[in-house]
Peer 1: 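Pasting a structure below so you can have a look.
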Amino acid sequence: MLDQRLLRDNPELITEQLGRRGMTLDLTGLQLIAKQARDLEEQRSNLQAEGNRIGKDVGLKIKAGAAANGPEVQALRDQGNRIKQQVAVLEEEEKALDAKLREQLLTLPNLPSPEAPNGSSETDNIEIKRWGTPRVEEGLQEHWQIAERLGLFETERSVRIAQSRFVTLMGQGARLERALISFMLDLHGTKGYREVMPPILVNSASLTGSGQLPKFAEESFRCAEDDLWLTPTAEVPVTSLHRDEVIPAEQLPLKYVAYTPCFRREAGSYGRDTRGLIRLHQFNKVELYWFCHPEHSAEAHQQITADAEAVLEALELPYRKIELCTGDMGFSASRTYDLEVWLPGAGSYREISSCSVCGDFQARRSAIRLKDGKATQLVHTLNGSGLAVGRTMAALLETGQQADGSVQLPAALVPYFGAERVTTP
RNA sequence: GGAGAGGUGGCCGAGUGGUCGAAGGCGCAGCACUGGAAAUGCUGUAUAGGGGCAACUCUAUCGAGGGUUCGAAUCCCUCCCUCUCCGCCA
């Protein structure tokens, strides 16, 4: 959420910066609401002050010996009642305006960082670097072909269990997924991340706090009777881990790594990535998350991205790092790097991690502050996938595929998987 | 699911209608004392919003929401959460 003071003092900045995201908006209506709400607050609080004075007077008069039912006290009572009625009216208007203001502010995305490159779509993203040598050969198979041959997961039977876009990992596939999760958690653990296993059903306040609600309700699965939703990403519960808290500055940064299943409706992606592990309603992800001091968030963004890159490098998976342009960034982000892994079978780079700094955007929605000596201020939050597990498996299968049909695994994974290769069962 | 107890400031804990944002203690910070420290003493120490250059000031907040009252931490209603016991369950 954007700062209401910014709306008041510098609305041009908002229109200008959100313009970089390709939005054209007219804030005059919103500004008017903000001004009215402020005026009402002033009137109301002045009236309340008067009411408080009267209340005290009554007490004092009675204590001084005035009859509790005498005319003097009765006059004050009447006056108090009149004020009470006026306050009630103002309060109602004020509440309505505040709700409207908040509701509208919640739909505005974060302002892009000055560093974020301008652009309107993914074609304007900027490649920052490439790591590793992509495997390019004729006749390489895609991961779902390999997986089918090796019996790593069931797709058709998963439709029986649930729906399309679900898989059931089987045998070495299930084991590999588990190995990857443990490997990633351990790796990040050595870098000062504290492991978290949060609830994966979250309430509306949590989704609002990280920015998924109110705008993206159609992307999440909901348990309607309980005000609970299936998390689309661990970012949601981890943000709310510290919702409504004031964190002592010396405890920052707080660095968390969370493994969770993630659930997404993938509305509007009919026919895209229908085979394999790339786009599922349920997938596993290891997520990195930082709460940090505003002064350090820029360097933290470099660090969290480097921590995600380290996973790809340890797994010997060639990738490229791109910076998203303003038109392609997510709702809560002010600046984002995507990591794209090379899929030799598909012959293309594919997003496997997205590392964003959100500034105080989520912190304001979630009321997460820091206390530095006397002053409290909003913290900055960052998140990054470290990594999307299913896509990592896809990359490993395509990268390690051998002429004999087996899949060679990177050395780092062997102790976790318990074998050097995935083979025909 | 049934029965009971309870939710007050960073923490503990007092407060059952009147100047209570809230005694006292702990913790923390500053100052004094000291060669330095401990101990001791003094002072300060919540959050959000509004006004003011500032000193400061106004409003709200004692789990949440509503009600009674001139006035609510205190009385009434609804909800949420925590704890204990019983049942059930992985």
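Model, not experiment: these values are computed from the prediction. Side chains are part of it too, since the values below use all heavy atoms of this structure and drop only hydrogens, waters and symmetry mates.
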Peer 1: What distance, rounded to whole Å, do you find between the two C1' atoms, one in B:U45 and one in B:G21?
Peer 2: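 Going atom to atom, C1' in each nucleotide, I get 14 Å.
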
Peer 1: Starting at CG of A:Leu378 and ending at P of B:U47, how long is that distance when rounded to a whole Å?
Peer 2: 13 Å

Peer 1: May I ask which nucleotide in the shown strands pairs with B:C42, Watson-Crick or G-U wobble, both distances under 3.5 Å?
Peer 2: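 Partner of B:C42: B:G30.
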
Peer 1: Enumerate the residues from residues 46-64 of chain A whose closest heavy atom to RNA chain B is under 4.0 Å, giving them by residue number; use none for an empty result.
Peer 2: A:Gln48, A:Ala49, A:Asn52, A:Gly55, A:Lys56, A:Val58, A:Gly59, A:Leu60, A:Ile62

Peer 1: Nearest to the side chain of A:Asn81, which nucleotide is it out of B:G51, B:C70, B:U47?
Peer 2: B:C70

Peer 1: Under a 3.5 Å cut-off for both contacts, is B:A55 paired Watson-Crick or G-U wobble with anything, and if yes, with which nucleotide?
Peer 2: none

Peer 1: Could you go step by step and tell me if A:Gln362 and A:Thr381 meet the side chain to side chain donor-acceptor pair (under 3.5 Å) rule?
Peer 2: CA-CA 7 Å; A:Gln362 293 178 322; A:Thr381 59; 2.8 Å; yes

Peer 1: Which donor-acceptor pairs under 3.5 Å do the side chains of residues 263-286 of chain A make with protein atoms, sequence neighbours left out?
Peer 2:
| from | atom 1 | to | atom 2 | distance (Å) |
| --- | --- | --- | --- | --- |
| A:Arg264 | NE | A:Pro232 | O | 2.9 |
| A:Arg264 | NH2 | A:Pro232 | O | 3.1 |
| A:Arg265 | NE | A:Glu218 | O | 3.3 |
| A:Glu266 | OE1 | A:Arg279 | NH1 | 3.1 |
| A:Ser269 | OG | A:Glu266 | O | 2.7 |
| A:Asp273 | OD1 | A:Arg350 | NH1 | 3.1 |
| A:Asp273 | OD1 | A:Arg350 | NH2 | 3.4 |
| A:Asp273 | OD2 | A:Arg279 | NE | 2.8 |
| A:Asp273 | OD2 | A:Arg279 | NH2 | 3.0 |
| A:Asp273 | OD2 | A:Arg350 | NH2 | 2.8 |
| A:His281 | ND1 | A:Arg264 | O | 2.7 |
| A:His281 | ND1 | A:Arg265 | O | 3.4 |
| A:Asn284 | OD1 | A:Tyr259 | OH | 3.0 |
| A:Asn284 | ND2 | A:Glu177 | OE2 | 2.7 |
| A:Lys285 | NZ | A:Thr233 | OG1 | 2.9 |
| A:Lys285 | NZ | A:Glu287 | OE1 | 2.7 |

Peer 1: Would you measure the distance from the P atom in B:G27 across to the matching atom in B:C86 and give it in whole Å?
Peer 2: 39 Å

Peer 1: Please determine if a side-chain N or O atom of A:Arg77 lies less than 4.0 Å away from the OP1 or OP2 oxygen of B:G71.
Peer 2: no

Peer 1: What is the minimum heavy-atom distance between A:Pro11 and A:Gln31, and which atoms define it?
Peer 2: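 Nearest heavy atoms, A:Pro11 then A:Gln31: CG-NE2, 3.3 Å.
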
Peer 1: Check each of A:Leu317, A:Leu343, A:Val341 against A:Glu398 using the side chain to side chain contact (heavy atoms under 4.5 Å, CB included) test, and report the only one that passes.
Peer 2: A:Leu343

Peer 1: Between B:U61 and B:C20, how many Å separate the two C1' atoms, rounded to a whole number?
Peer 2: 13 Å

Peer 1: Are A:His242 and A:Tyr256 an aromatic pair by the rule of ring centers under 6.0 Å?
Peer 2: yes

Peer 1: Starting at the 5' end of RNA chain B, which residue's closest nucleotide do you reach first, A:Val246 or A:Arg44?
Peer 2: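 Taking each residue's closest nucleotide, the earlier one in sequence belongs to A:Val246.
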
Peer 1: Tell me the interatomic distance from A:Lys35, atom NZ, to B:G51, atom C1', rounded to whole angstroms.
Peer 2: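 Between C1' of B:G51 and NZ of A:Lys35: 13 Å.
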
Peer 1: Using a strict 4.0 Å threshold on nitrogen-to-oxygen distance, state whether A:Lys35 and A:Asp39 make a salt bridge.
Peer 2: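 Judged by the 4.0 Å cut-off on N to carboxylate O distance, A:Lys35 and A:Asp39 do form a salt bridge.
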
Peer 1: Of all the heavy-atom pairs spanning A:Leu101 and A:Gln4, show the shortest one and how long it is.
Peer 2: CD2-OE1, 3.3 Å

Peer 1: Quickly work out the A:Glu41 CD to B:G51 P distance and round it to whole Å.
Peer 2: 8 Å

Peer 1: Sort out the partner of B:A60 for me: Watson-Crick or G-U wobble, both distances under 3.5 Å, none otherwise.
Peer 2: B:U47

Peer 1: Is B:C20 paired to anything, Watson-Crick or G-U wobble with both distances less than 3.5 Å, and if yes, which nucleotide?
Peer 2: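 Base partner found: none.
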
Peer 1: Check whether any side-chain N or O of A:Thr376 sits under 4.0 Å from OP1 or OP2 of B:A46, and answer yes or no.
Peer 2: no

Peer 1: Measure the distance from CZ on A:Arg102 to C1' on B:G49 and round it to the nearest whole Å.
Peer 2: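 That distance rounds to 15 Å.
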
Peer 1: Would you jot down, in residue-number order, the residues of residues 82-97 of chain A having a non-hydrogen atom under 4.0 Å from RNA chain B?
Peer 2: A:Lys84, A:Lys95

Peer 1: Using the P atom on both, measure B:G2 against B:A72 and round to a whole Å.
Peer 2: 35 Å

Peer 1: For A:Asp78, check side-chain hydrogen bond (donor to acceptor under 3.5 Å, both in side chains) against everything at least two apart and list the hits.
Peer 2: A:Gln74

Peer 1: Does B:C28 have its OP1 or OP2 closer than 4.0 Å to a side-chain nitrogen or oxygen of A:Lys371?
Peer 2: no

Peer 1: Tell me, please, which residues at least two apart from A:His293 pass ring-ring contact (aromatic ring centres under 6.0 Å, His included).
Peer 2: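 Listed in chain order: A:His296.
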
Peer 1: With rounding to whole Å, what would you report as the distance between B:A73 and B:G17 at their P atoms?
Peer 2: 13 Å

Peer 1: If we take the P atom in both B:A48 and B:C11, what is their distance in whole Å?
Peer 2: 16 Å

Peer 1: List in chain and number order the residues that pass ring-ring contact (aromatic ring centres under 6.0 Å, His included) with A:Phe331, two or more places apart in sequence or in another chain; answer none if no residue qualifies.
Peer 2: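 A:Phe331 satisfies ring-ring contact (aromatic ring centres under 6.0 Å, His included) with A:Phe216, A:Phe361 only.
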
Peer 1: Report the distance from atom CG of A:Asp244 to atom C1' of B:U61, rounded to the nearest whole Å.
Peer 2: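 One finds 14 Å between C1' of B:U61 and CG of A:Asp244, rounded.
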
Peer 1: With ring centroids as reference points, do A:His380 and A:Phe291 lie under 6.0 angstrom apart?
Peer 2: no

Peer 1: Pick the C1' atom in B:U8 and in B:A22, then give their distance to the nearest Å.
Peer 2: 8 Å

Peer 1: With both distances under 3.5 angstrom, what nucleotide forms a Watson-Crick or G-U wobble pair with B:A73?
Peer 2: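 Per the H-bond distance test, none.
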
Peer 1: I'd like the P distance from B:U68 over to B:G4, given in whole Å.
Peer 2: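 Taking atom P in both B:G4 and B:U68, they lie 29 Å apart.
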
